Each structure stands twice: as C-alpha cells, then as structure tokens.
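I have placed the structure first, in the form of structure tokens, so that the comments after it can refer back to it.
Remember, it's a predicted structure, so these values are computed and weren't measured experimentally.
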Amino acid sequence: MSMIEFELDGKKVEAEAGSMVIAAAAAAGTFIPHFCYHKKLSVAANCRMCLVDIEKMPKPMPACATAIAPGMIVRTKSDKAIKAQQSVMEFLLINHPLDCPICDQGGECQLQDLAVGYGGSSSRYEEEKRVVTHKDVGPLISMEEMSRCIHCTRCVRFGQEVAGVMELGMIHRGEHSEITTVAGDTVDSELSGNMIDICPVGALTSKPFRYSARTWELSRRKSVSPHDSTGANLIVQVKNNKVMRVVPLENEAVNECWIADRDRYSYEALNSTERLTTPMIKQGGVWKDVDWQTALEYVANGIKQIKREHGASAIGTLASPHSTVEELFLAAALMRGIGSDNIDYRLRTLDFTNTSAPHVRWLGTSIASLSDMQRVLVVGSNLRKDHPLFAQRIRQAVRKGAQVSHINEVNRDWAMHLANSIIAPSSDWAASLADTRLQQWLGAPDVATGKKIILLGNAAAHHADASKLLALAQQLAASTGAVVGYLTEAANTVGAQHVGALPQTDGLNASQMLASEGGGLKAALLLGCEPAFDSAAGQAGVAALARMQMVVSLNAFKTNLDCADVLLPIAPFTETSGTFVNAEGRAQSFHAVVKPLGQTRPAWKVLRVLGNMLGVAGFEFDSSQDVLAAANLDHSKLSNAANPSAVSLAEATALQAKADKPCTASIYQLDGLVRRAPALQLTADARTAHWEIAA
C-alpha cells in the first residue's frame, strides 16, 4: 500500500494512493460537508456539496470525485470553498419543503445540520416550490414526502451495488426529476430498510416508525440481532420502556453498516398483543393465570413425579437455537443434573450422525473474508433470503471478479451473477458433489489459495444425508484447496453446540423426541421454540407432545397452547442479557434494553430457579455473566471435520436418498419474532412464504 503526501488546510498529511480527497480528509480528521457521497457506495458527484479549493484548479472541485496527488494543496475552509458550498446549499433549499417540525428525520438530518452552517437565514426565491407525488412502495419504506428528495441517488446506488436489485431509479430531468420505482412496483429487497439510513434527508422514512416519536426522545442502546447467524450489531431505540426503532451499529468485521429488514422491523413483535406476560396453567382444559411460585412449584413437582415413576430418561428439552448461550447452557445443565441426556436444539435436522461434540460446525472462515473470496460453491441454500448479509458480502466478491457456483433444487434469483449452477432434487445433491465439473469451477489447489470456500446451507445442514454431503464437500475441498463452512441457520447455532445443547451419550435427539411415540418421553420443556413452525416434525410433533403427561412452554408469546400444560413468560432478547455466537464463532454479549414486560422473567433466571427447586448442584449464579463464565466457550472446538468412514466420491452416485426431505424456513418464518412482526408479514416475501421442502 503506497502512501502519498499532500497538504490539507496548511498541514502535511499522508493518504493511500488513489484515495479521493473527501476520504483522505476524513482519515486526517477533517470533515467536508456532503450528501451524495457514502463510503460504501460508488461516487456520483451529483450534490456538489463537497466542493473544495484545490490550488491550480480554476474552480472548486468535488472532493468525492477528485483523487489526491503528490504535493496537492487542498483548502476546505477558504473563502472560495465556503462560498461554493453556501451556493450549493442555497440551490438545495430552493425547493425543499419547510416541514422540519413534522419530519421524522428531524434531529438526525444531514440537510438540517449542514443548513445551520452553510444555509442563509432567508431565501431570495419567491416562486412556488416543486411538489412530488408520493409513492406506495410497500409496508416498510414510506415515500410520502418525496418533495424533500435532493436527488443524491444514494438509494439508487444502494440497490444496484449492495442489495443487487435496482428497485429505485431517477426519471425525467431538471425540476421534474424524481426518484421512483418507475413501474409503480413495491420495494421488496430483504435489505431495503438500509435506504432509510443512508437517505440524508427525510424523503425515505420507516413506515412502522412514522410519526411515533422524535429522535431526541429516544434512548439508544446496543444489542445483537437474534435472527440469522450473522450476529448483526444493533442500536435499539427506546421510549418509555418500549422499543420504538432498530438501526444498525457499525461493525466492519460483522455487518459493516447494514442490517437485514428482519433485524430492523422484527421489534414490532415485542409490543404484540400475543406477548405472554404472566405464568399460566391449564386446568380442566382452561388456561388460568397464576403467580410464579405456583407455576414453578407445579413444574418442579411434575418433573419429580415423572422422574420417580418413569425415570429421568422420560424427561427432555427442545431448545431454540435462537436462545442465548446462557439459556442453553443452563437448560443442558438442568437436564443432565436430573439425570437426562435428552436435550436438542437441532429441531429441523434429519441426519443426527457425526454432529455431536467435540466438533462445533461453523462458517469455516471469518465473515469479512467472504467479501474477498475468488471461488465460492454454495450447496443447499437460498442464500439471499437465508442469510441476506452473507449474500451481500459475496455480492461484493462477485463485483471484484469472484466466480460463484451453486447446487440447489431451484434456480432462485440471488441478485448477483452466478457463474455455474447444478439444479437437482435434494436426493441427488450427493451425486452432484461428485460431479467432475466442480473441481474445474473451484480450480486447482494452487489457484486462489485461501480464497475458495464451499458453503453448506440450511437445506444441506438439515438434509437426510447431511453427514455424507459434508464428507463429500471435504473431499472436494481437499482436491481444490478450498475450505468448507456451514451457513449456520440461527443466531446461536454455533453457541448451542459449544454448550452441549444436544445429546452427548445416549440421549434422544429432536426427531426422536417429536416422533409419534415421543421416544418414551413423559415430560418436555420447550425453550423458546414452537414445534409446529420450528421443527421438521411440524404438527405431528405437536400431536406427540400433546400425548405427554406434562409439557412446559418457556416462551415470550402465548403459543404451544395445543400441547402445553404450563406457560412460563420468558424475556425476548431486548429484555434480558445474554450472548450469541455467530457463524464465525464470534461471541457477542448484550444487555437488556428495556425492563421485562409484565411478569416476564429472563429465561436464565427461570432455569436457575428450577435447578434450585430440583436440587441440581452448581446452580448458584447471580448474573448472566456468571453463567457465561461457567459455559467456558472453547473455540478450539470449531471444526467442520467429516466422518472418516463416510462414502467416497466414487460411491456418491450409488447413494440411496432417504424419504425425508430437508425442511427450511422462509425468510420471515425463521423465528417467533419475525412471524409476529406485522410489517414483515405484509411484504412480498411473506405473502409468498411457505415451508420450502426440497424437491
């Protein structure tokens, strides 16, 4: 990386060769006003707010589109620069509506902020301001006030370059110019909400948040997304102990400055009427509210009785992989403390061989490295919808020349160029991995060393022959110099493996516990899960649970009513402290951002008290940090090693497919929060949602 020295406001500074003046100045701590420039987008140079005075240049130059040169002299605060910026601001304000008092952007508006320093106290123009007709582009983004638009085109470039879909564009010319979907379509990208964040004025705003609070009334607290395995960093904004809005917290190593729409809008479910706020017990088929002491005694006594009559092996726990490390650790410790090994988070899995400790399935590389891959093979994933931010990373790699290939049952639109495809039924995926073309697609071991990866998606992980797919992927990787990784499904799939939330010896797995006979279970604890939606067994699993003597549902919502006997209200991620481990093995802890609703309690506290009531040793925890320390996350366990006894490539074509087919959740059916977020359920993706069963 070569550096260039130039002069900035009278000081000698260095910047990387090829840098634009605006980026070099920012690195040196000098702010240059701008609207259209964004560090993650291409240069448009159409707002002209960043005009600066460069010696030997006849007129002010746009800092965003002018590359630094050795010995260049740049002045950002000279009279020439300031007057140019003030002139641009005057033009921008000619047609801007005077509606700051009612604008949702008020208080965090770039135009408002810069107008203070560069705008005049009055306007010389008396003509009528232009008016732009509002557009309805769907349930997430409001385009009701497009008269505010200053045509920076950030939203247009975001769609093209980051989301991969040009859903917005500019039509007409001059004062008739406007940003629109052209054909009157809706904006349906799974990353669309980021357009709101990058809009420098109040032209694009959040529909669910619209007119609900002023920005200066909101408290801002850090958190982590509880949905897919990216572990996107969030800022949760709160008013009167109620979550009002969620926006991204920048973390270059994880989510950069973006979040998916389900990270942004799932908060609506937190304020849902479906929230469970008090413990409930079913008596004579009727649900009745009870206090915590009564509910916990009922559960503890029921577990003790079933253990006496049927043994500890008649008790099991089905846990959501969206639960925190602390919750899963205590759930596993509780089961083993009473003598049972029946605990599993793998609710949608069909193949349970070669998936137990000590191996922890993970991405196989860092999330950031996905942006620089040169060869990518994805097996069994609707990448764009399953992992929107991973897809965005790989889309960056494609823009740099990467070749992406995939094996799937359907040829879906990934909003990126796919170099190669094999479309085949899931029963043929093993044979497809033996296809000699794959070695050509990935290249020889000496090509793009360290820049090649084979990614196994949700459908591959849940496949009836998942262990064979892994073994074949490992053999292909060995012959091409690639690494193998899992696009792990949930926020804490990796963490669940770390803490042993799956059978360690002879315990029942999720499929056995949800089988028609329940594997002999008489009691089950459902930690944060809804088997009807979260398991491969579906309604058959619910029926199996309903036949048990006691089923306890620990959930934030009034759910599992058809099979449960006890409902215990546990806190969602915004009301508890905890830790998620994302796909790359990064543990990210967070704190509660609001107080628990009603009588809701953090699940780790509920499990700790149950452990105490059942006489389980080692349950003396005072905080979630104490639980995390006891969990002792060991990252040396991260491994995608395959079973050495698995089939060879030559035998792959002879594989007999099992009757079971992989079960994957569509984008807005992944967990209980997104399923209950009204705006997300009105999107095009949700309207066409279904449980995607591989053909």
Strictly below 4.0 Å, N to O, side chains only: are [X] and [Y] in salt-bridge contact?
X	Y	answer
E178	K135	yes
R676	E274	yes
D9	K77	yes

Can any side-chain N or O of [X] pair as donor or acceptor with the backbone N or O of [Y] at less than 3.5 Å?
X	Y	value
R393	V254	yes
N233	G231	yes
K400	R395	no
D263	A260	yes
Q681	V674	yes
S369	T365	no
T683	A679	no
E575	L597	yes
R221	V238	no
K207	G138	yes

Apply ring pair (Phe, Tyr, Trp, His ring centres under 6.0 Å) to [X] and list each qualifying residue two or more places apart in sequence or on a separate chain.
X	result
F31	H34
Y267	none
H227	none
F390	H387

Can you find a heavy atom in the side chain of [X] that is under 4.5 Å from one in the side chain of [Y]?
X	Y	value
L389	I367	no
T133	M146	no
C64	M20	no
L191	W258	no
L673	L270	yes
R148	H96	yes
I394	M373	no
T230	N582	no

[atom1]-[atom2] distance between [X] and [Y], expressed to the nearest 0.5 angstrom:
X	Y	atom1	atom2	answer
D104	T215	CG	OG1	9.0 Å
M143	D136	CE	CG	10.5 Å
S223	Q237	OG	CD	12.5 Å
E175	I94	CD	CD1	10.5 Å
S177	R130	OG	CZ	6.5 Å
I196	C155	CD1	SG	11.0 Å

Practice task
Show the numbers, then the answer: is there a side-chain contact (heavy atoms from CB on, under 4.5 Å) between T576 and S624?
Solution key: CA-CA 9 Å; T576 185; S624 62; over 6 Å; no

Taking distance alone, no hydrogens or angles, what donor-acceptor pairs closer than 3.5 Å link side-chain atoms of residues 43-58 to residues at least two apart or in another chain?
| residue | atom | partner | partner atom | Å |
| --- | --- | --- | --- | --- |
| N46 | ND2 | T153 | OG1 | 3.2 |
| R48 | NH1 | A45 | O | 2.7 |
| D53 | OD2 | S78 | OG | 3.1 |
| E55 | OE1 | R75 | NH2 | 2.7 |

For [X] and [Y], work out which heavy atoms get closest and say how close.
X	Y	value
V137	D185	CG1-O, 4.1 Å
K558	R275	CE-O, 3.5 Å
L370	A397	O-CB, 3.6 Å
A556	P572	CB-CD, 4.1 Å

Q) Can you name the residues that form a side chain to side chain contact (heavy atoms under 4.5 Å, CB included) with K129, not counting sequence neighbours? A)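 Once residues adjacent in sequence are excluded, the partners of K129 under the side chain to side chain contact (heavy atoms under 4.5 Å, CB included) criterion are N95, L98.
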
* State, without any angle test, whether Q86 and E90 hold a side-chain donor-acceptor pair at a distance under 3.5 Å. =>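 Absent: no donor and acceptor within the cut-off.
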
Between D188 and T186, does any side-chain donor sit less than 3.5 Å from a side-chain acceptor?
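Their side chains do contain a donor-acceptor pair, which is all the 3.5 Å distance test asks for.
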
Would you please name every residue forming a salt bridge (charged side-chain N to carboxylate O under 4.0 Å, His left out) with [X], sequence neighbours left out?
X	answer
K11	none
E268	none
E14	none

| query | Is there a salt bridge (Lys or Arg N to Asp or Glu O under 4.0 Å) between E256 and K40 once you walk through the steps? | reply | CA-CA 9 Å; E256 299 177 272; K40 294 292 183 180; 2.8 Å; yes

* F580-F573 aromatic ring centre distance below 6.0 Å ->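 No, the ring centres sit 6.0 Å or more apart.
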
Taking salt bridge (Lys or Arg N to Asp or Glu O under 4.0 Å) as the cut-off, I'd like each qualifying pair that reaches into [range], sequence neighbours left out, listed once.
range	result
residues 189-203	E190-R384, E190-K385, D197-R264
residues 151-172	none
residues 227-246	E108-R245, E217-K239, D228-R262

_Does E252 have more than 12 heavy atoms from other residues, nucleotides or ligands lying within 6.0 Å of its CD?_
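Yes, CD of E252 has more than 12 neighbouring heavy atoms, counting only those of other groups under 6.0 Å.
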
Check your understanding: If you draw a 6.0 Å radius around CZ in R210, do more than 12 non-hydrogen atoms from other residues or ligands fall strictly inside?
Key ->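 Buried by this count: over 12 neighbours within 6.0 Å.
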
TODO: Check step by step if side-chain contact (heavy atoms from CB on, under 4.5 Å) holds for L234 and V224.
DONE: CA-CA 5 Å; L234 310 176; V224 178; 5.9 Å; no

Fill in: Audit row: F35, L92, side-chain contact (heavy atoms from CB on, under 4.5 Å) steps and yes/no
CA-CA 11 Å; F35 293 112; L92 289 174; 3.4 Å; yes

Candidate pair L93 and Y125, rule side-chain contact (heavy atoms from CB on, under 4.5 Å), full reasoning:
CA-CA 10 Å; L93 294 177; Y125 293 84; over 6 Å; no

